[in-house]
Amino acid sequence: MRISFNQINAQPDILDQTAFLLDFGTIPGAGNSEHLAIKCLNVPIPGMGNEKMSVALHGHTFGFRGRRTYPGTFSPTFYEDSLMRTLRALQGWLEVTVGSNTGNSQGYKSDYAVDANLIVYDTTGLAIAAHIIENCIIQDVPDVTFDGSSSSPVQVAPTFGYDRIDWNNGRML
């Protein structure tokens, strides 16, 4: 069956990828993260999977569902500002998580892990999904490149680890 104009016309608006907010709240070693939310260029919604379980029986292999799995990391991209607040905030958080001098954290997991809220908005500005990325810790602050050959904004793309995502879109089993 070919898709008709009426079927297409009956669909809701297509979601605009620019309508999101990534909010870490108060981050260890840096405080309020509103400036990161404002300068967030992009963020992936981490996926999920099913660890397939294979069972060999009498010369045949059968696949069954396994446990729920999460990638465990995500990497948003932020712009840097002229005060270098982005890099300083991320480096401060990393220093609280694992000190560069001692290798110790400045507390326990409850002190260096935060829940991130990833909110998605529709075309009217209404929040239509709120994903809670639980127990985010900063894992990597990568090299930041400066290049004198042309004008372009400086970007920082850290990697965060997390434990689980509350999809907040229905009952979780």
Side-chain angles (χ1 to χ4, degrees), residues 15 17-53 65-121 125-147 152-173:
L15 190 61
Q17 68 177 347
T18 64
F20 70 92
L21 172 70
L22 176 62
D23 179 19
F24 287 104
T26 301
I27 56 175
N32 186 309
S33 68
E34 182 181 26
H35 68 100
L36 291 176
I38 292 168
K39 296 179 293 186
C40 186
L41 172 64
N42 60 52
V43 60
I45 295 176
M48 63 177 120
N50 167 27
E51 184 178 61
K52 182 181 174 187
M53 188 172 38
R65 71 116 183 124
R67 65 188 172 113
R68 171 65 60 93
T69 60
Y70 301 96
T73 62
F74 71 107
S75 295
T77 303
F78 301 95
Y79 283 120
E80 183 55 276
D81 63 34
S82 62
L83 301 176
M84 293 193 71
R85 289 186 305 167
T86 303
L87 198 54
R88 288 189 179 135
L90 298 171
Q91 289 170 334
W93 187 356
L94 187 58
E95 190 65 27
V96 168
T97 304
V98 60
S100 56
N101 187 35
T102 64
N104 297 329
S105 63
Q106 293 181 26
Y108 297 99
K109 185 172 184 174
S110 61
D111 298 311
Y112 60 77
V114 300
D115 290 348
N117 292 297
L118 177 54
I119 303 168
V120 179
Y121 300 94
L126 179 68
I128 58 168
H131 309 296
I132 303 167
I133 307 171
E134 298 175 346
N135 293 321
C136 290
I137 61 171
I138 190 159
Q139 280 188 217
D140 181 55
V141 179
D143 297 343
V144 174
T145 302
F146 289 88
D147 183 350
S152 50
V154 173
Q155 298 178 8
V156 183
T159 299
F160 297 94
Y162 65 93
D163 291 338
R164 186 181 81 121
I165 297 176
D166 178 347
W167 292 94
N168 217 7
N169 59 0
R171 189 172 70 90
M172 292 177 56
L173 300 176

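Treat the numbers as computed from the prediction; the structure is a model and nothing was measured.
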List the steps and the verdict of side chain to side chain contact (heavy atoms under 4.5 Å, CB included) for Arg68 and Asn50. CA-CA 5 Å; Arg68 171 65 60 93; Asn50 167 27; over 6 Å; no
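- Partners of Arg88 under the side chain to side chain contact (heavy atoms under 4.5 Å, CB included) rule, at least two apart in sequence or in another chain, are Met84.
- Ring-plane geometry between Tyr162 and Tyr70 is classed as perpendicular, the angle between the planes exceeding 60 degrees on a 0 to 90 degree scale with a lower cut at 30.
- Taking 4.5 Å as the limit, every side-chain heavy atom of Ile132 sits out of range of all side-chain heavy atoms of Leu118.
- For Arg67, the side-chain hydrogen bond (donor to acceptor under 3.5 Å, both in side chains) partners two or more places apart in sequence, or in a different chain, are Glu51.
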Residues Arg65, Lys52; criterion side chain to side chain contact (heavy atoms under 4.5 Å, CB included); working and verdict: CA-CA 5 Å; Arg65 71 116 183 124; Lys52 182 181 174 187; over 6 Å; no
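- Between Gln139 and Gly161, the shortest heavy-atom distance links the atoms OE1-CA, 3.0 Å.
- For the pair His131/Asn117, no side-chain contact is recorded, criterion being any heavy-atom separation below 4.5 Å from C-beta on.
- Atoms CZ and OG, on Arg85 and Ser33 in that order, are 11.5 Å from each other to the nearest 0.5 Å.
- Every pair tested for salt bridge (charged side-chain N to carboxylate O under 4.0 Å, His left out) that includes a residue from residues 90-101 fails, sequence neighbours excluded, so the list is empty.
- Rounded to the nearest 0.5 angstrom, Asp147 CG and Ser152 OG are separated by 6.5 Å.
- Atom NZ in Lys109 sits 4.5 Å away from atom CG in Asn135 (nearest 0.5 Å).
- Between Phe160 and Phe78, the ring planes are perpendicular. Angles over 60° get that label, and only those under 30° would be called parallel.
- Across Gly103 and Val98, no two heavy atoms sit closer than the pair O-CG2, 3.5 Å.
- No side-chain heavy atom of Glu80 sits less than 4.5 Å from a side-chain heavy atom of Gln155.
- Under the side-chain hydrogen bond (donor to acceptor under 3.5 Å, both in side chains) criterion, Gln17 pairs with no residue, sequence neighbours left out.
- Asn104 pairs by the side-chain hydrogen bond (donor to acceptor under 3.5 Å, both in side chains) definition with nothing, not counting sequence neighbours.
- Annotation: side chain of Leu21 is in contact with side chain of Tyr121 (closest heavy-atom distance under 4.5 Å).
- At least one side-chain heavy atom of Glu134 sits under 4.5 Å from a side-chain heavy atom of Asp166.
- Put simply, the side chain of Asn32 does not reach to within 4.5 Å of the side chain of Thr26, judged on heavy atoms.
- In this structure, Pro46 and Phe74 approach most closely via the heavy-atom pair CG-CB, 3.7 Å.
- No more than 12 heavy-atom neighbours from other residues, nucleotides or ligands sit within 6.0 angstrom of CD on Glu34.
- Looking at every heavy atom in both residues, Tyr79 comes nearest to Leu41 through OH-CD1, 3.4 Å.
- Nearest approach of Trp93 to Cys136, heavy atoms of both residues: CZ2-O, 3.6 Å.
- Between Thr77 and Val156, the closest side-chain pair of non-hydrogen atoms is not below 4.5 Å.
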Start with the C-alpha gap between Val96 and Asp111, add the side-chain angles, then the distance that decides, and say whether side chain to side chain contact (heavy atoms under 4.5 Å, CB included) holds. CA-CA 8 Å; Val96 168; Asp111 298 311; 5.6 Å; no
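- In this structure, Ser105 has no side-chain hydrogen bond (donor to acceptor under 3.5 Å, both in side chains) partners at least two apart in sequence or on a different chain.
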Walk me through whether Thr159 and Ser75 qualify under side-chain hydrogen bond (donor to acceptor under 3.5 Å, both in side chains). CA-CA 5 Å; Thr159 299; Ser75 295; 3.0 Å; yes
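- A pairwise comparison of heavy atoms in Leu90 and Leu36 identifies CD2-CD1, 4.5 Å as the closest pair.
- Counting only heavy atoms from C-beta outward, the side chains of Asp115 and Ile133 never approach each other to under 4.5 Å.
- With values rounded to the nearest 0.5 angstrom, Cys40 atom SG is found 5.0 Å from Leu22 atom CG.
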